[in-house]
Protein chains: 2
Amino acid sequence: MATIRDVANEAGVSRATVTRALHEPDKVSPSRLAKVQAAIKKLGYRPNMLSQTFRSSSAKTIVVLAPNLANPFFAQIIAGIVDASDERGYKILVGSTNNSAKREAEFIRMVETRLADGIIQMAPYTEGETALLPRQHVPAVSVAGVPGTPYPGVRIDNIAAVKECIRHLADLGHTNIGAITGPADNSNTVVRLAGFKEGLVEAGLRYLPALVREGDFRLVSGFGAAADFMLASNPVKPTAIFCMNDEMALGAIRGLRTFNMRVPADISIIGFDNLDFSAFSSPALTTVEQPAYDMGYSSAALLVDLLEGKANNRNEDIVLPYRFVERESTAATNQDQ
Amino acid sequence: MATIRDVANEAGVSRATVTRALHEPDKVSPSRLAKVQAAIKKLGYRPNMLSQTFRSSSAKTIVVLAPNLANPFFAQIIAGIVDASDERGYKILVGSTNNSAKREAEFIRMVETRLADGIIQMAPYTEGETALLPRQHVPAVSVAGVPGTPYPGVRIDNIAAVKECIRHLADLGHTNIGAITGPADNSNTVVRLAGFKEGLVEAGLRYLPALVREGDFRLVSGFGAAADFMLASNPVKPTAIFCMNDEMALGAIRGLRTFNMRVPADISIIGFDNLDFSAFSSPALTTVEQPAYDMGYSSAALLVDLLEGKANNRNEDIVLPYRFVERESTAATNQDQ
DNA sequence: CTGAAAGCGCTTACAG
DNA sequence: CTGAAAGCGCTTACAG
């Protein structure tokens, strides 16, 4: 590979002049500029970006910490992050933590060692062994998280969204409203569960732990939780289930079908996220739309602003609007029951 | 940030000794080693990886070129790529090309400028303006592509897989078998269409262009194509449709429902990929399983082997086994028709 | 085992 | 506008 020295020799100028021709061409005399450009072309010169990056000690790179890359909701967010980063000239390094504190620490170290400039953490966990990031002095932004992180985030108002779901169900006449949650230590689970309880109270309903099952945000866990509801000895069965994401809702619908329960005739199901699939399932899923792509886009834009000193560091969350989407999976209580 | 010089001063040794203490500790006397380690700890020293990377002129980074990051099939592949890369000590840079040759060129340049060591291209396009990569001298591997790329790839035997789908349909008594394809210029579309035609021939059936619709691999396009079949003036309607991916198949099922067509009673549907969702849809989708995660994992392992000279460069594809998965969306032809 | 020196490829004051 | 020099932080022969 040709270096700047080769170009300088070829063009008969100094290396400094080559640099200037590259970055501040108007500060170079036309004749030399032409010579340099000819030399660059002749030699097929490309600046060594490893060197540039080292010199400027900025990698122009953002690490995205994702708990689960195969999750389609996260995939949407990442698509938004990548587009915003591209526009701002930043590269995206993917970090799959698998909820391991050790893995997370490695990525934090990448920022400490200048390999990356900042971190976007998707759906950060609550206080647990995976909550390393807050303790480090690393530029960070969370996306699809919850209030109260020590760094700014881009999210929706989860509490309000969940309450709207419960109100919808209560308005349809449901009194035994169940829930399928995410992992108990997940911050979104905690917040949405709070919203669930508040929604119940506002509807004049009681919170019954027997009507709640813990899932892991994946399809199968929704299937299993639904089956568990059907098999439980508890005589009180939910006539409606709020699921903390669409995948579990879709899994639950399928699980219910195994027990010959029709959705929504026998039982109503609500999801959360509004995946593309949710509009095309049978029945189409009633859910809460999170603007995943926009959330990703905004989080990257926010982090870049922070890195470039264009945003105040006041640690305020950007709260994007959600949208309640009523489709076919919810209906009035079945009078036969 | 403390540098190696600070550590050397603090420990009272030379910088070379610090480097050795870091990388070849057994070549350093125990007493100095201890001093260096103490200094590192005291100063909280972390090697500047930008500098290390520059010195060794290897970024230990792989660029993943993805046509569409939000696609769940690709998300699975990426998950595999990331895991394999992590194990081998490589980082993953995400490149969203949006099928733009200009964008693709930028990522190729990253390799040329040493910012990355190689490229994994997902589902590469055929000869078109987006087929820049083959012409460059850049270490590359394709994943989920087709035979004939100028660099090695990890894929399944698409032709055989599609033929198995058609045979399944023919065995069920279908004679009017339609197809919903991907974009016409997509290499997977081209290859699977060839398999479709071969399958028809082997089943003693004729290929009818009127029974083929072009989609774009997304849900809505499957929906639209199905609607188009129903609305077409052509009296010959398919009694079974082979869809080139699961998303379009799921969209098609939904579209058919709009016309009161039941799957599989009135019409059979086959997908391709076997997304998680496909097992949980109603009806559950008959499809071809591509080992997406493994394909991603293998492609990254292969590229790293290539980069490190551990694989011969003979440009042979790794062909992973697919699996035909019969579920509920296919059935014998409806006798009423 | 150890250190002084040179160098990776680029850019940034500095002096002219 | 231009070039010589110094330096970013690290590592690699080289000599001892």
Side-chain angles (χ1 to χ4, degrees), chain A residues 1-40 43-61 89 91 109-117, chain B residues 1-40 43-61 89 91 109-117:
Chain A
M1 290 281 288
T3 70
I4 197 171
R5 167 170 268 126
D6 300 323
V7 176
N9 289 343
E10 175 73 27
V13 302
S14 71
R15 283 173 282 159
T17 298
V18 177
T19 288
R20 287 190 203 101
L22 250 25
H23 304 293
E24 312 162 298
D26 38 301
K27 291 194 177 175
V28 177
S29 69
S31 69
R32 287 178 200 251
L33 184 58
K35 277 192 224 161
V36 171
Q37 286 168 340
I40 287 176
L43 268 32
Y45 170 71
R46 297 247 173 271
N48 179 327
M49 297 189 74
L50 244 32
S51 179
Q52 286 186 323
T53 269
F54 164 56
R55 263 298 332 230
S56 58
S57 77
S58 162
K60 287 271 192 182
T61 300
K91 293 169 284 294
R109 180 166 309 178
M110 288 170 104
V111 179
E112 292 178 332
T113 58
R114 327 296 311 250
L115 218 47
D117 304 289
Chain B
M1 289 281 287
T3 71
I4 198 171
R5 168 171 266 126
D6 299 323
V7 175
N9 290 344
E10 175 72 26
V13 301
S14 71
R15 281 175 284 160
T17 298
V18 177
T19 288
R20 288 189 203 103
L22 248 25
H23 303 293
E24 312 162 297
D26 38 301
K27 289 193 178 175
V28 177
S29 68
S31 69
R32 284 178 203 249
L33 185 58
K35 275 192 226 161
V36 171
Q37 286 169 339
I40 287 175
L43 268 34
Y45 170 71
R46 299 248 173 269
N48 179 326
M49 298 190 72
L50 243 33
S51 178
Q52 285 185 323
T53 269
F54 164 55
R55 265 297 335 232
S56 58
S57 77
S58 162
K60 288 271 193 180
T61 299
K91 294 168 283 293
R109 180 168 308 179
M110 289 171 99
V111 179
E112 291 178 332
T113 57
R114 326 298 310 252
L115 219 47
D117 304 288

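Note on naming: letters A, B, ... go to the chains in the order of the sequence lines (proteins, then strands), and numbering restarts at 1 for each one.
- The CG atom of Asn9(B) sits 13 Å away from the P atom of dG9(D) (whole-angstrom rounding).
- Between Ile4(B) and Arg15(B), the closest heavy-atom pair is CD1-O, 3.7 Å.
- For the side chain to side chain contact (heavy atoms under 4.5 Å, CB included) with Asp6(B), the qualifying choice from Val18(B), Leu43(B), Ile40(B) is Leu43(B), the only one to do so.
- Counting to the nearest Å, the C1' atom of dA13(D) and the NZ atom of Lys27(B) are 12 Å from each other.
- Atom CG in Asp6(B) sits roughly 9 Å away from atom P in dG9(D) (whole-Å rounding).
- Among the protein residues, Asp26(B) comes within range of the sugar-phosphate backbone only, with heavy atoms under 4.0 Å from sugar or phosphate atoms but none that close to a base.
- For Thr17(B), whose side chain is taken as the heavy atoms from C-beta onward, the closest listed nucleotide among dT11(D), dG9(C), dG3(C) is dG3(C).
- Taking atom CZ of Arg46(B) as the reference point, atom P of dG9(D) lies 17 Å away to the nearest angstrom.
- Across all non-hydrogen atoms, the minimal contact from Thr113(B) to Asn48(A) is O-OD1, 3.7 Å.
- Side-chain contact between Thr17(B) and Val28(B): present, with at least one pair of heavy atoms (C-beta onward) separated by less than 4.5 Å.
- Nearest heavy-atom pair, Phe54(A) versus Leu50(B), reported as atom, atom and distance to 0.1 Å: CB-O, 4.1 Å.
- Nucleotide dC1(D) holds its P atom 10 Å from the CD atom of Glu24(A), rounded to whole Å.
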Between N or O atoms, less than 3.5 Å apart, protein on one side and nucleotides 14-16 of chain D on the other: list the pairs.
none

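- Nearest nucleotide to the side chain of Tyr45(A), out of dC10(C), dA4(C), dA4(D): dC10(C).
- For the pair Ile40(B) CD1 and dC10(D) P, the interatomic distance rounds to 10 Å; values are reported in whole Å.
- Residues Tyr45(A) and Thr3(A) approach most closely at CE1-C, 3.5 Å, considering heavy atoms.
- At least one side-chain heavy atom of Val13(B) sits less than 4.5 Å from a side-chain heavy atom of Val36(B).
- Contact annotation for Ser29(A): backbone-only contact, meaning every heavy-atom pair under 4.0 Å involves sugar-phosphate atoms and none involves a base.
- Here the closest heavy-atom approach between residue Ala59(B) and residue Lys91(B) is recorded as O-NZ, 3.3 Å.
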For this session: Show the numbers, then the answer: is there a side-chain contact (heavy atoms from CB on, under 4.5 Å) between Lys60(A) and Gln52(A)?
Result: CA-CA 11 Å; Lys60(A) 287 271 192 182; Gln52(A) 286 186 323; over 6 Å; no
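- Nearest heavy atom pair, residue Leu33(A) against residue Ala21(A), reads CD1-CB, 3.7 Å.
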Atom pairs, protein N/O to nucleotides 5-8 of chain D N/O, distance under 3.5 Å:
unit_1: dG7(D); atom_1: N2; unit_2: Arg55(A); atom_2: NH1; d: 2.5

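- DNA chain C forms stems at C:1-3 with D:14-16, C:5-12 with D:5-12, C:14-16 with D:1-3, each a run of 3 or more consecutive Watson-Crick or G-U wobble pairs whose two key distances fall under 3.5 Å.
- For Gln52(A) and dT11(C), the shortest distance from a side-chain N or O to OP1 or OP2 is below 4.0 Å.
- With contacts defined as side-chain heavy-atom distances shorter than 4.5 Å, the pair Arg20(A)/Arg32(A) does not qualify.
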